[in-house]
Structures are given as C-alpha cells and as structure tokens.
Amino acid sequence: MNTNSSSFQPKDVDLSRKLCEIFQKLHEFWGPQNWWPAETKFEMVVGAILTQNTSWSSVEKAISNLKKANILSIEGILQTPDQILAQLIRPTGYYNQKAKRLKDFCSFLKNEFNSDLQKLFSLEIPELREKLLSQKGIGYETADSIILYGAEKPIFVVDAYTKRLFFRLGLIQSETISYNDLQMLIMTNIKHDTYLFNEFHALIVKHCKQLCVKKNTKCNMCCLKHLCAYYVQNTFTDNKNGTE
Ligand code: SF4
C-alpha cells in the first residue's frame with residue numbers, strides 16, 4: 001500500500017515476530033479495547049477532528065454538547081452559526097479553528113458525496129486517504145483514524161505513543177522517525193487486518209497512558225519488559241551502579 005513513503009522496506013521476519021508478540025502480550029494484559037467510542041460513524045469522524053491536541057474527556061464533553069443541541073449531523077453543523085458551534089465545542093480548545101474545520105468537512109461531504117459518509121468510506125484506502133488529507137486540518141493521524149475506525153479499513157494509526165513505545169522497545173532508532181516511515185515499517189511486517197490494527201493502536205494508547213508514561217515509567221508492572229531494550233538497559237545500569 002502506498003503510504004507516501006519513498007523508502008521500500010523488505011519484510012523483516014524478526015520484527016514481524018516481535019510485533020505479533022507485543023500485540024498478544026498487550027491484548028492478554030489489557031483485554032480488548034473495542035474502539036472507537038461513538039454511537040455513529042459521523043460521531044466518530046467528529047470525534048477524530050475534535051481530539052487533535054486535547055484529551056478524550058474534553059471531546060466527550062463537546063460531543064455531548066452537540067447532541068444536546070441536536071446538531072450532531074452534517075446539516076445540523078452546517079446550519080449552526082459559527083460562534084454557537086464554537087461555544088459548543090469549546091471544551092476541546094482551539095474551538096474557533098475546530099468549528100471551521102468541522103464545517104469545512106461537512107461541506108466537503110455534502111458537495112462531493114451528497115452528504116453520504118458511506119460513499120466516502122467506499123473508496124479504496126489510497127484514494128480515501130488522499131481525499132481526507134486534502135481537507136485542511138486533517139493530518140495523517142486523523143485521516144488514518146477515520147479510515148480505520150470509521151471506514152473500518154486496515155491502516156495502522158501512528159501517534160506519539162507508538163513512537164515512544166516502539167523506541168523504548170528498541171524497534172526504531174529514534175522517536176523522530178516520520179509518521180509514514182513508521183507506518184510503512186509496521187505495515188510491511190504485520191498482517192493487514194482491521195481488527196488487529198484497531199486493537200493494536202488502542203492498546204498502545206492504553207499502555208502508554210497507564211504504564212509506559214513519559215517520565216517515571218512503571219516498568220515493573222509491564223507485560224513487555226522481557227522484550228524491552230529500555231528496561232534491560234536501565235536494569236543493567238541499576239545493577240551495575242548497585243555493585244559499585
Ligand atoms: S518495560 Fe518500561 S519502558 Fe519498556 S515498554 Fe514497559 S513500561 Fe515501557
């Protein structure tokens with residue numbers, strides 16, 4: 001699949017095995033995450049746009065406001081004055097900008113897909129991704145989240161948590177790896193399966209929020225420590241320092 005990366009990467013059997021093991025361990029440890037938490041596909045898309053640079057709890061408040069105002073629909077959003085829409089989604093921050101993005105996205109759905117989200121979702125992944133990325137304010141992570149959790153098509157969603165975890169596990173050299181290069185690396189070495197990608201991304205987020213946090217990692221409780229370069233290195237350093 002073309003993910004806009006210029007570098008071709010051959011399959012790496014060792015990495016494939018590690019990715020499978022990481023997924024299995026996380027799945028056994030945390031259980032199924034059953035993302036995306038939304039009642040409809042449209043709500044899912046709205047959530048994906050609103051969740052940029054904010055917490056999920058803020059998105060939940062904004063979605064709840066849109067529901068209470070009875071405007072959580074393409075027409076509802078298009079017909080709501082900008083300032084009122086912005087106030088309803090205020091909990092998510094950048095609310096004026098996000099209100100415009102929501103309206104722009106709804107106009108795009110109306111004009112190009114006759115307000116039918118399923119028509120957009122029926123496109124093949126490369127075309128669907130291109131269409132989504134052509135919308136201002138929709139970047140790789142948002143586009144791929146919509147493809148995976150909205151259109152239910154197999155694409156791996158990368159985020160800062162993925163980069164942190166895979167760097168600590170020793171699977172990548174640096175957290176500065178580009179979005180598309182990391183996505184390509186993973187997708188070259190793992191089965192393309194919507195359920196697998198859905199759960200894997202959700203489990204990485206869960207794991208990094210709960211245990212593999214930025215500072216003060218909770219490595220002793222971690223189900224991945226036997227696979228983790230960061231853990232091995234720090235344990236070795238601690239032991240060495242303890243005997244000196
Ligand atoms: S052992 Fe520590 S650093 Fe490694 S994945 Fe687990 S929590 Fe993260």
Side-chain angles (χ1 to χ4, degrees), residues 3 5 7 9 11-37 48 51-59 139-142 144-145 148-149 154-244:
T3 54
S5 175
S7 52
Q9 296 162 332
K11 189 167 168 133
D12 176 335
V13 177
D14 189 45
L15 179 58
S16 294
R17 188 184 49 73
K18 276 187 190 154
L19 287 170
C20 285
E21 193 175 354
I22 291 163
F23 173 74
Q24 279 166 1
K25 293 280 173 204
L26 290 175
H27 200 256
E28 276 167 23
F29 190 78
W30 295 111
Q33 301 299 296
N34 301 314
W35 276 24
W36 183 285
T51 199
Q52 295 173 14
N53 302 309
T54 194
S55 65
W56 184 250
S57 60
S58 305
V59 176
Y140 295 130
E141 187 184 336
T142 306
D144 292 343
S145 295
L148 179 61
Y149 295 104
I155 194 161
F156 199 93
V157 178
V158 171
D159 62 2
Y161 293 129
T162 317
K163 291 183 181 183
R164 182 201 299 165
L165 182 66
F166 284 13
F167 173 65
R168 286 178 173 171
L169 289 170
L171 304 184
I172 54 176
Q173 299 289 317
S174 164
E175 288 182 67
T176 60
I177 187 170
S178 75
Y179 185 101
N180 285 324
D181 281 351
L182 181 51
Q183 184 184 59
M184 178 70 88
L185 181 71
I186 297 165
M187 291 187 68
T188 304
N189 289 291
I190 198 167
K191 192 171 98 180
H192 290 197
D193 179 270
T194 304
Y195 177 79
L196 172 68
F197 288 175
N198 176 324
E199 283 295 330
F200 209 162
H201 175 65
L203 286 162
I204 289 169
V205 173
K206 177 86 175 176
H207 196 69
C208 287
K209 280 186 173 176
Q210 301 288 324
L211 300 180
C212 198
V213 289
K214 216 167 188 176
K215 290 179 182 166
N216 301 323
T217 52
K218 299 179 175 71
C219 296
N220 284 333
M221 294 164 67
C222 179
C223 58
L224 302 177
K225 59 177 180 267
H226 67 294
L227 296 167
C228 182
Y230 178 95
Y231 178 76
V232 170
Q233 190 184 11
N234 283 300
T235 307
F236 177 73
T237 308
D238 289 349
N239 287 342
K240 202 172 155 223
N241 289 340
T243 54
E244 277 173 358

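In this chain, residues are counted from 1 in sequence order. Both counts, for ligands and for their atoms, begin at 1 and track the order of listing. All heavy atoms count here, side chains included; hydrogens, waters and symmetry mates do not.
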With a 4.0 Å heavy-atom cut-off (strictly under), which part of K225 contacts ligand 1: side chain, backbone, both or neither? both
Tell me: protein heavy atom nearest atom 4 (Fe) of ligand 1, and distance? C228 SG, 2.3 Å
To which protein heavy atom is atom 6 (Fe) of ligand 1 closest, and what is the distance rounded to 0.1 Å? C222 SG, 2.3 Å
Distance-only side-chain donor-acceptor flag, Q33 / N198, under 3.5 Å: no
Close aromatic pair by centroid cut-off 6.0 Å: W36 and W56: yes
Go through ligand 1 atom by atom and flag the ones less than 4.0 Å from a non-hydrogen atom of Y231. 1 (S)
Nearest-neighbour protein heavy atom for atom 3 (S) of ligand 1, which is reported as residue plus atom name and distance: Y230 CD2, 3.2 Å
Kindly confirm whether atom 6 (Fe) of ligand 1 is within less than 2.8 Å of some N/O/S atom in C212? no
Closer than 4.0 Å to some heavy atom of R168 - which atoms of ligand 1 meet that? 3 (S)
Considering only the protein, which heavy-atom contact is closest to atom 5 (S) of ligand 1, and what is its distance? L165 CD1, 3.6 Å
Under a 3.5 Å cutoff, is there a donor and acceptor pairing between the side chains of D159 and Y179? no
Tell me, do D144 and Y149 make a side-chain contact under 4.5 Å, heavy atoms counted? no
Counting only heavy atoms, which portion of C219 has something under 4.0 Å from ligand 1: side chain, backbone, both, or neither? both
Less than 6.0 Å separating the ring centroids of Y231 and H226? no
ring-ring contact (aromatic ring centres under 6.0 Å, His included), paired with H201, selected from F23, W35, Y161, F156: W35
Exercise: do S58 and S55 side chains pair donor with acceptor under 3.5 Å: yes
